Protein chains: 2
Amino acid sequence: MINGKILLGGSERDGGEQFAAVDPSSGATLDPMFAEAGAAEVDAACALAAAAYSSFSETDLDTRAAFLEAIADAIVAIGDDLIVRAMAESGLPRARLEGERGRTVGQLKLFASVVRAGDFLDVTIDPALPDRAPLPRPDMRRRNVALGPVAVFGASNFPLAFSVAGGDTASAFAAGCPVVVKGHPAHPGTGELVGRAIQAAVKSCGLHEGVFSLLPGTSNALGGGLVADARIKAVGFTGSRGGGLALVKIAAGRDEPIPVYAEMSSINPVILLPEALRTRGAALAPAFVQSLTMGAGQFCTNPGVVLAIAGAELDAFAEAAAAALTEAKPVQMLTPGIHASFEQGVAALESHAAVTTIARGCVGDGVNQARGAIFRTDAQSFLGDAVLAHEVFGSSSIIVACRDADEIAAVLTALEGQLTATLHHDAGDADMAARLMPVLAQKVGRILANGWPTGVEVAHAMVHGGPFPATSDGRTTSVGTLAIERFLRPVCYQSIPDSLLPPVLRDANPWQVTRRIDGVVTPA
Amino acid sequence: MINGKILLGGSERDGGEQFAAVDPSSGATLDPMFAEAGAAEVDAACALAAAAYSSFSETDLDTRAAFLEAIADAIVAIGDDLIVRAMAESGLPRARLEGERGRTVGQLKLFASVVRAGDFLDVTIDPALPDRAPLPRPDMRRRNVALGPVAVFGASNFPLAFSVAGGDTASAFAAGCPVVVKGHPAHPGTGELVGRAIQAAVKSCGLHEGVFSLLPGTSNALGGGLVADARIKAVGFTGSRGGGLALVKIAAGRDEPIPVYAEMSSINPVILLPEALRTRGAALAPAFVQSLTMGAGQFCTNPGVVLAIAGAELDAFAEAAAAALTEAKPVQMLTPGIHASFEQGVAALESHAAVTTIARGCVGDGVNQARGAIFRTDAQSFLGDAVLAHEVFGSSSIIVACRDADEIAAVLTALEGQLTATLHHDAGDADMAARLMPVLAQKVGRILANGWPTGVEVAHAMVHGGPFPATSDGRTTSVGTLAIERFLRPVCYQSIPDSLLPPVLRDANPWQVTRRIDGVVTPA
């Protein structure tokens with residue numbers, strides 16, 4: 001089923017160079033070899049996407065929703081081969097990948113429902129006022145249109161839910177944008193299986209073949225060339241800060257700059273308020289370690305820093321967390337490279353003069369396994385060295401002991417933009433919590449109480465985004481239905497006769513969408 | 001009433017250098033001299049804006065709406081002094097400026113109504129599902145928050161509606177963002193009068209003084225320094241392509257890049273379809289010249305290029321347009337610099353080998369007056385030299401004779417992104433019009449039929465935006481209520497107790513806003 005080819009529209013092609021996937025649990029390469037896409041394939045994929053844009057962006061809502069559902073069905077139809085291959089390429093366990101497949105399929109179906117509802121088109125009508133003085137008002141109607149072909153960069157840590165048919169692809173398709181995926185080299189076989197499922201859905205739905213292409217490859221030049229191509233109009237990316245910023249730079253340097261939605265780095269502060277720490281510290285510690293070590297901590301929302309007021313309660317929490325981590329089994333990481341970066345980041349903290357190592361997880365008997373790490377420092381040291389606030393991707397977290405609530409607020413204020421912040425509070429913490437809430441709202445995309453940031457619901461209200469550098473564009477989210485807005489722009493139609501209007505704007509409202517008429521939301 | 005000082009929050013300050021406004025109708029300088037703001041004032045204004053952000057961004061809807069209305073009232077209260085000063089500084093006639101004042105005041109009041117309605121907060125609630133398997137769903141609530149302090153650059157061509165209290169300022173205030181205006185040096189007295197009106201409204205509404213500052217000045221360093229300041233979180237700009245792109249570059253190069261909403265350049269193609277040209281060409285010509293020469297053509301939506309199929313009908317249209325322009329009175333331009341640029345652009349076209357000069361307007365007896373210009377070329381020449389598609393700011397337009405509908409489509413496709421496109425069509429043009437509509441939707445922010453692009457309604461459905469380089473961010477508009485979205489970002493609240501939620505997200509819906517609950521729009 002996997003032959004290692006580049007998927008260009010409805011066809012497949014060999015490349016020049018080749019590369020192999022690696023099983024991170026053994027370091028061994030996996031069959032088959034994969035074609036490395038190059039400049040010629042970028043050009044071909046972008047030409048196809050540009051050719052597909054006119055028809056795909058104007059598909060009616062049912063056609064586009066059915067396409068998303070067909071992708072979901074085709075992914076399910078791959079069956080266990082998909083799970084087995086993803087396990088081999090990512091080192092992630094079966095249950096996690098089966099869950100992630102469910103999330104991926106559910107996300108596609110949720111976007112199908114968003115498309116059918118049609119609210120994303122934001123249809124707005126200001127009817128003509130022929131008698132207005134001193135001048136009549138013309139009829140004006142507005143809808144959103146798709147930006148154009150979108151480049152999507154798969155993420156290593158969600159080989160299904162944030163890769164070839166993941167959230168960026170699903171939301172771009174929902175908006176009406178053709179997609180060219182730069183496949184992640186850590187899971188090319190998984191990517192190809194999913195890519196072929198999309199290819200089959202494009203065909204079965206009778207769409208232009210250029211709606212989708214998949215360019216596997218390992219080189220930065222491939223991704224850079226894709227973003228630089230004039231036919232690409234937006235970019236979705238989940239990955240490292242360095243990678244994201246490199247794409248942002250390329251996009252900004254184009255003759256026509258384009259938006260880049262890069263979800264990059266976050267240390268997701270968790271604040272333990274005094275009464276919660278006092279009354280529940282013993283229970284919070286193992287829950288914290290579980291959130292920290294789940295999936296080897298390879299989540300954008302991993303709790304990388306814990307803030308609390310210094311004292312016996314915090315000492316007890318730290319001891320309990322240390323005890324829990326010491327017993328935590330090592331967890332397979334996604335790639336040898338990610339494991340090496342994790343070890344390097346942990347070693348830097350271990351040797352930092354202002355940092356105490358509270359605990360490390362067990363030593364494993366396999367390769368590329370993450371031994372969790374919990375560190376401790378004080379607020380002044382943390383504020384004094386920006387390195388301590390850098391993300392170490394994996395299960396590493398630093399407890400920052402603060403003098404008082406002022407110092408907690410000062411540390412939060414000094415942090416860069418974050419995806420999430422979590423408050424653990426009890427009734428007696430109400431005043432301090434109320435004081436911190438506005439500080440957090442200015443700093444993050446999502447605020448949680450009495451929970452853990454790992455676990456990101458695909459929902460209408462979700463924000464998986466946040467001020468720079470959590471993302472390159474804090475006005476958006478990459479998870480949840482709001483993600484569709486990243487790939488749309490508004491167009492106004494003034495005094496256009498009904499027969500020339502796109503169907504969704506016609507008087508009879510043939511697509512049966514909710515419209516804002518003269519400022520008032522009006523259901524169909 | 002005008003003393004030439006820098007307005008910093010609630011106070012005023014002298015600068016180092018000074019500059020004077022110029023009456024473009026005489027070239028004479030006007031009293032008083034104006035303080036030139038520098039780095040110290042940028043720092044002070046940004047510090048004030050940052051200090052005001054927390055409280056202003058969380059004002060309740062009535063307070064914020066009342067503030068916008070208070071600004072409108074304070075502008076009206078200035079009375080005729082505002083009109084007289086604006087006439088002297090801009091050369092614009094009284095009726096135009098009185099109309100523009102009405103537009104400015106109406107715009108502020110429209111945004112007040114938008115604020116009161118609260119839809120811009122996009123309140124979205126996904127209630128908890130405690131019994132969901134395999135995992136319960138937490139309660140999630142989303143609202144929009146203000147991005148932070150916004151830098152606004154006043155435009156020369158709308159000294160009221162797109163300057164100190166213009167659309168960018170009104171929409172930023174409506175979103176809850178403090179504003180630092182870099183005042184346009186062409187109308188500093190007008191700017192100061194309006195700035196003092198805002199200052200008074202800030203005070204009478206009991207807001208933090210840092211909600212507004214006005215930095216007059218002539219140097220690029222002033223604007224650049226403002227955009228580079230880390231406390232500024234977004235930029236609104238209307239002006240030249242060079243100026244806009246310079247700010248985009250500064251914003252992209254910051255440690256934390258920020259969005260720049262620059263409305264820059266557009267030639268606003270007008271397409272005369274065959275039957276319309278045949279049956280109405282004689283009437284279209286004077287209407288075209290009127291749209292072209294109104295306000296000396298100093299509009300972003302000035303019709304800078306006319307496309308039609310070559311033939312006797314187009315020749316007749318060109319002749320009639322030439323006749324109308326030859327009788328058109330010269331019109332005072334806004335500044336000597338704008339007039340010089342206009343003359344330079346017109347001279348370049350006059351001497352272009354592939355261009356014929358169809359007509360020039362009358363020679364005036366004053367200084368800095370625009371003599372309109374209409375040129376003609378053929379499609380292949382137009383496609384062959386990008387210079388012919390550059391905006392000449394002022395009443396200059398080029399008729400492009402095309403072989404057939406294919407060539408019209410080819411010219412439209414080759415154009416850069418535009419603010420508007422206009423189709424003149426009659427019944428017999430239906431097929432050609434239907435074919436061009438999707439081409440136009442991909443190229444512009446607003447499509448008009450059987451009208452003229454000048455005249456931009458402030459309305460819900462308006463889009464005054466468009467793909468690059470019409471603007472630096474084609475996902476937005478700078479006119480109309482949708483403009484508020486430029487200054488917002490979403491924040492999700494997960495499992496936050498009611499008492500800690502911002503009021504607008506609480507169960508009881510105390511602000512009485514429409515909410516999307518579990519995906520369904522639910523009025524208060």
Side-chain angles (χ1 to χ4, degrees), chain A residues 54 58 117 119 124-126 137-138 140-142 145 147-148 248 252 256-257 259 430 433-434 437-438 441-442 444-451 457 459-463 465 467-469 472-475 477 482 488-497 499-500 502 514 516 518-519 521 523, chain B residues 54 58 117 119 124-126 137-138 140-142 145 147-148 248 252 256-257 259 430 433-434 437-438 441-442 444-451 457 459-463 465 467-469 472-475 477 482 488-497 499-500 502 514 516 518-519 521 523:
Chain A
S54 287
E58 297 290 353
D119 293 351
T124 302
I125 300 179
D126 293 324
R137 182 172 84 176
M140 290 168 285
R141 294 161 191 246
R142 170 163 60 78
V145 299
L147 278 184
V248 167
E256 177 191 352
M437 286 295 290
Q442 293 175 23
V444 311
R446 180 166 57 111
I447 308 172
L448 304 82
N450 294 339
E457 291 281 336
H460 299 292
M462 174 51 61
V463 177
F468 186 91
S472 56
D473 189 337
R475 295 165 293 176
T477 174
L482 192 67
L488 298 166
R489 68 177 181 84
V491 176
C492 172
Y493 294 76
Q494 180 175 321
S495 305
I496 306 286
S499 60
L500 281 181
T514 295
R516 182 177 296 271
D518 241 341
V521 173
Chain B
S54 287
E58 298 290 353
D119 293 352
T124 301
I125 300 180
D126 293 323
R137 182 173 83 175
M140 291 167 286
R141 294 162 191 246
R142 170 161 61 76
V145 300
L147 278 183
V248 166
E256 178 191 351
M437 285 294 291
Q442 293 174 24
V444 311
R446 181 166 56 114
I447 307 173
L448 304 82
N450 294 339
E457 291 281 335
H460 300 292
M462 175 50 61
V463 177
F468 186 89
S472 56
D473 189 338
R475 296 165 292 177
T477 175
L482 191 67
L488 297 166
R489 69 178 181 86
V491 177
C492 173
Y493 294 76
Q494 181 175 321
S495 305
I496 306 286
S499 59
L500 280 182
T514 295
R516 182 177 295 270
D518 240 342
V521 172

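Numbers restart at 1 for each chain; the letters A, B, ... are given by sequence-line order, proteins then strands. Since the structure is predicted, the reported quantities are computational estimates derived from the model, not experimental observations.
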Sorted by chain and number, sequence neighbours left out, side-chain hydrogen bond (donor to acceptor under 3.5 Å, both in side chains) with A:Ser495 holds for none
Proximity breakdown for A:Asp119 and chain B, heavy-atom pairs closer than 4.5 Å | side chain
Rounded distance [0.5 Å steps], CZ in A:Arg142 versus CE in B:Met462 | 10.5 Å
Could you tell me which portion of A:Val521 (side chain, backbone, both or neither) has an atom closer than 4.5 angstrom to a non-hydrogen atom of chain B?
-> side chain
Side chain, backbone, both or neither: which part of A:Pro490 has an atom under 4.5 Å from a heavy atom of chain B?
-> both
Distance col, row A:Arg475:CZ vs B:Asp473:CG, nearest 0.5 angstrom, shows 5.0 Å
Chain B heavy atoms under 4.5 Å from A:Leu488: which part of the residue, side chain, backbone, both or neither?
-> backbone
Residue A:Ala430 versus chain B: region with a heavy atom under 4.5 Å | backbone
Check whether A:Arg137 gets within reach of chain B through its side chain, its backbone, both or neither, counting any heavy atom under 4.5 Å.
-> both
Under a 4.5 Å heavy-atom cut-off, does chain A meet the side chain of B:Asp126, its backbone, both or neither?
-> both
Can you list the residues that meet the side chain to side chain contact (heavy atoms under 4.5 Å, CB included) rule with B:Val491, with sequence neighbours excluded?
-> A:Ile447, B:Val145, B:Arg489, B:Tyr493
Between the NE2 atom in B:His460 and the CG atom in A:Asp518, the distance rounded to the nearest 0.5 Å is 6.5 Å
